[in-house]
Amino acid sequence: MEQSAEAVMEAASSHRWWALPVEAVADALDVDPATGLTGSAAAERLELVGPNELEHRPGPTLLRRFVAQFTDPLVVLLLVAIVVSLFAWWSSGESSVPVEAIVISVIVVANAVIGVWQEGKATRAVEALRKLTAANSSVVRSGRVSRVATASLVPGDVVVLAEGDTVGFDGRLMESASLEVDEASLTGESVPASKVTLALDGATEVADRVNMVMSGTFVARGRGRAVVVATGQSTEVGRIATLLDDAEIEPTPLQRQVSRLSRTLGIAVTVLAGIVVAAIVATSDVDSADEAFDALLIAVSLAVAAVPEGLPAIMTVVLALGVQRMSERHAIVKRLLSVETLGSASVICTDKTGTLTRNEMTVVAITVPTGTATLTGGGYRPEGSIEIGDDVERDDVERTVWAGATASDATLVRNGDGWDVTGDPTEIALVVAETKIRTSSKTAQSTTRIDEIPFDAERKLMSVLVEVDGADADWAERFVQITKGAPDALISRCTSERSAGGSRPLDATRRSQIADEIGAFADSGLRTLAIASRVHSERPPTFDFADENDLEWLGMVGLSDPPRAEAAEVIALARDAGIRTIMVTGDHPRTAAAIGASLGLAETSAPVTGADLATIDWSDEATVDALTASTDVFARVAPEHKLQLVQSIQRSGHVVAMTGDGVNDAPALRQADIGVAMGGIGTDVSREAADMVLTDDDFATIVTAIEEGRNIFADIRKFLRYLLASNAGEVLVMVIGVLAAGALGLRVADGLAVPLLATQILWINLVTDSALALALGVDPSVDNVMADEPRRLSDPIIDRPMWVTIVIVGLTTSVAGLVALDLELAGGLLGGDGDIATARTMLFTTVVLAQVFNAFNARSDRVSAFVKMFENRLLWAAVGVTVLLQVAVVHLGVLNRAFDTEPLTAVQWLTCWGLASTVLFVNECRKLIVRSRSKSVSDMTFAPGEKGPSMA
Ligand code: ATP
């Protein structure tokens with residue numbers, strides 16, 4: 001009888017599932033083990049029990065995040081200054097409103113709002129990242145297997161488990177084919193536990209419940225099916241785990257470098273601010289506490305303005321935006337840290353199948369003891385015909401392919417006009433081939449699989465034990481074992497071969513013939529797979545590795561798996577960018593060499609094989625490193641060697657990206673600087689160990705991600721170049737202005753001789769740090785980032801040329817601003833006849849406009865600002881906003897009062913624009929010199945007939 005979902009869910013929490021037989025479990029959860037729940041039943045249960053997730057600790061509230069913005073010591077100082085200024089206003093009773101205190105408060109609050117907004121954006125981006133990499137599970141619903149988010153699993157769901165899957169629920173096993181589960185994370189036990197389906201004693205402890213799978217573990221080997229009994233907080237981990245912390249935004253090395261830099265700059269600026277105060281006091285005849293306070297306020301404002309305190313948060317945003325861009329281009333980066341490492345990658349170790357090749361396998365040739373047949377038709381449609389010579393025994397060909405398909409888990413189902421396929425491409429190819437050549441002859445037998453030994457990349461074999469119920473005279477109603485795998489691994493386990501219905505021993509001549517056949521297939525770039533059998537007169541009591549011996553060779557298939565169209569081009573592009581590509585494959589060395597050659601790899605060196613690696617002395621680091629430095633293709637490699645290869649390449653100072661898809665690849669993925677897993681063919685375990693997941697499994701995506709990584713780095717540098725040069729401009733205006741106050745005519749009868757007022761300094765900081773800075777963060781790259789060598793991770797983010805730029809721009813800004821002031825101000829070198837307020841407004845406006853020009857400067861260290869000048873619309877919008885704000889501050893009465901500004905005439909505005917633009921033109925000259933210098937160096941390097949740059 002149908003039970004209500006509430007009653008089922010209610011009862012679910014009280015069962016001791018391990019003590020119940022499978023049928024009782026299914027009954028209690030009201031599910032048919034064969035077809036699973038229906039979609040609507042699952043949805044109803046999800047509504048009742050909630051998502052299958054562990055709860056998170058709530059993050060800080062908005063208010064807390066806002067308050068946290070005021071903990072910076074300099075901001076605290078500014079807050080103190082506001083209070084003092086209020087007090088001074090109150091005690092003097094001069095004006096009706098405390099203008100200065102209000103203006104500074106508004107600016108401080110505006111800065112805090114920008115800070116909270118930026119941090120919120122960073123947190124949201126990191127949260128989005130978490131969602132992108134959320135786990136999926138294969139669940140049976142209404143009789144169909146589909147991938148759903150693990151978070152949507154409910155008690156009663158039937159889940160299919162395969163090697164490398166993570167278990168994201170507590171479940172009772174209903175089926176186990178050599179299923180072994182790694183439970184180290186839960187029990188600390190490092191050896192995977194073998195799983196069974198039999199009911200256990202009710203008193204069995206968690207660690208011994210071998211008929212259960214627990215959330216937080218993963219399938220190390222084999223296959224299985226389990227029914228979900230607990231999800232989310234009700235699982236064993238859920239019960240022991242305290243609340244999870246929210247995704248922390250761990251600072252990356254680059255962010256730490258930048259934080260350190262802003263601290264150092266903070267100290268430098270504070271010292272300079274001290275000098276400014278001292279100079280103000282010395283030059284302007286300070287004779288009251290009020291004036292002394294004003295001088296201090298200016299110094300504090302200067303320090304607040306010039307210290308790039310928002311940099312780390314802005315960097316997170318730039319990194320996170322980059323991550324978003326990458327995900328649109330099929331690369332999901334799991335940690336922000338990997339983004340910057342990506343930009344430095346100098347070696348990519350990639351597997352071949354599916355990454356460099358299309359992974360669309362087709363059986364094109366079948367070799368049996370009597371000869372070779374070929375098969376036409378490509379792709380996964382079972383349309384094609386067999387071409388077979390007269391002397392080749394057709395039965396042998398059919399039996400070989402039939403046996404291969406029988407030992408496969410792939411499925412091929414007609415769907416309207418097309419075909420639906422599932423499973424491993426190698427096995428799909430076998431099933432497709434079998435469908436193509438199947439005749440109604442005697443090999444069309446029905447079988448029941450009794451047992452299996454799963455494939456693993458170390459043995460490179462897999463076996464099934466089937467009970468045959470068919471018409472083949474030799475195999476009818478017998479227990480037949482079929483073993484398929486890499487021919488070179490399989491042949492050594494064969495003692496005989498089967499042909500034309502008979503069996504004959506494999507002698508040395510035949511073995512060498514078969515070796516030649518394997519070589520011939522491999523040389524033409526075909527992937528090879530051999531099939532053998534063993535007849536058991538009765539059902540063997542156990543079925544394990546020992547049975548993979550004494551086999552009978554049936555034949556071998558050659559599978560074509562052409563390289564991806566753009567792979568060769570991308571490898572060349574990477575090479576030009578100083579990135580070496582190494583193929584590390586499980587495939588045959590000659591197949592690997594043939595494919596490698598077509599991709600422009602291994603032209604100079606022969607492939608090194610897993611057998612070579614097994615005999616090498618790994619402690620002799622120099623020899624190992626020399627080998628990895630000179631080899632482009634490693635073939636028939638066991639996963640354990642991948643780890644050592646990565647370590648060796650890293651020892652040579654490289655930043656290594658390494659791909660992997662199996663369970664055993666996890667250590668190498670973790671060791672690599674950037675572990676790359678496959679979204680399509682990879683296992684959950686490999687995806688968890690990786691730093692980046694390719695949703696299209698394509699090699700080209702790795703290179704795209706590296707390019708994106710370099711772009712992000714260029715973006716950050718752009719940003720730093722802009723912000724530091726802007727800040728340098730502000731500080732230098734004050735320092736030079738105060739020191740040269742006399743020459744500039746900055747003598748004020750009653751007041752301080754300062755070039756800019758505190759409120760003006762804070763205003764400049766506000767407008768430069770907001771719109772323009774943000775627009776630069778998303779500026780498209782004008783530099784060809786793939787033209788340079790990879791950046792070393794240890795390189796400082798600001799190199800010497802960049803410091804030079806910052807100083808040049810800063811100096812130009814300050815000189816331009818002070819010239820504007822001096823042109824207007826009565827007295828001084830250039831002698832105008834205006835008042836100090838107007839002169840200051842001109843200086844103030846020139847400095848703000850200089851930031852506009854500087855934003856264009858900052859887009860590249862070498863490329864002219866006029867290149868792709870109109871591409872970043874956001875930058876132009878930011879320019880518009882900045883200029884409008886400045887017009888407002890100069891022309892609106894209320895802002896005139898707030899910022900002590902005076903309206904400017906058209907000529908004065910033009911003067912400010914003209915002077916500010918020098919920032920652009922001076923820097924254009926510098927870029928011109930840099931470009932012509934590097935051109936002459938590269939001309940020297942590549943001058944025909946010369947061996948290298950001649951500096952003579
Ligand atoms: P790559 O490491 O580049 O992805 P690969 O997929 O060929 O290459 P493996 O998956 O380790 O590497 O496979 C190694 C060999 O094992 C293959 O060349 C093939 O002969 C054999 N093999 C692959 N898949 C199966 C399978 N499902 N059953 C039996 N043998 C297989």
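Counting starts at 1 for both ligands and their atoms, in listed order. Just so it is clear, the model here is predicted, and its values are computed rather than measured.
Looking at Lys642, His641, Arg636, Gln644 one by one, the single match for side-chain contact (heavy atoms from CB on, under 4.5 Å) with Leu613 turns out to be His641. When each of Thr659, Val570, Ile579 is tested with Ile702 by the rule side-chain contact (heavy atoms from CB on, under 4.5 Å), just one qualifies, namely Thr659.
A donor-acceptor contact closer than 3.5 angstrom is absent between the side chains of Gln481 and Glu548. Judged by distance alone, the side chains of Ser648 and Asp625 do bring a donor and an acceptor atom under 3.5 Å apart. A side-chain N or O of Glu458 and one of Asn664 form a donor-acceptor pair less than 3.5 Å apart. The closest side-chain donor-acceptor pair between Ser499 and Thr370, if any, does not fall under 3.5 angstrom. A donor atom on one side chain and an acceptor atom on the other are found under 3.5 Å apart for Thr353 and Arg527. Counted by atom type alone, Ser346 and His654 present one or more donor-acceptor pairs between their side chains at under 3.5 Å.
Shown in contact with Ala486 at under 4.0 Å from a heavy atom are these atoms of ligand 1, numbered in order with element: 20 (O), 21 (C). Residue contact check: Met462 has heavy atoms under 4.0 Å from atoms 28 (N), 29 (C) of ligand 1. Interface atoms of ligand 1 facing Thr585, defined by a heavy-atom separation under 4.0 Å, are 1 (P), 2 (O), 3 (O), 8 (O).
Distances from atom 28 (N) of ligand 1 to the heavy atoms of Arg636, Lys484, Lys352 show the closest one on Lys484. Taking all heavy atoms of Arg527, Glu427, Glu458, Met556 into account, the minimum distance to atom 7 (O) of ligand 1 is reached by Arg527. The closest heavy-atom contact to atom 8 (O) of ligand 1, among the options Val584, Asp424, Asp351, Thr353, comes from Thr353.
The nearest protein atom to atom 20 (O) of ligand 1, hydrogens excluded, is given as Thr528 O, 2.8 Å; this is a heavy-atom distance. Protein heavy atom nearest atom 18 (O) of ligand 1, with residue, atom name and distance: Asp587 OD1, 3.1 Å. Of all protein heavy atoms, the one closest to atom 31 (C) of ligand 1 is Phe455 CE1, 3.2 Å. The protein atom (non-hydrogen) at minimum distance from atom 12 (O) of ligand 1 is Gly586 CA, 3.4 Å.
No part of Met583 comes within 4.0 Å of ligand 1, judged by heavy-atom distances. At a heavy-atom cutoff of 4.0 Å, ligand 1 is contacted by no atom of Thr591, backbone or side chain.
In this structure, the side chains of Ile366 and Met556 stay at 4.5 Å or more apart for every pair of heavy atoms.
Between Asp661 and ligand 1, no N or O atom pair is found at a separation short of 3.5 Å.
The closest approach between His588 and ligand 1 stays at or above 4.0 Å for every heavy atom of the residue.
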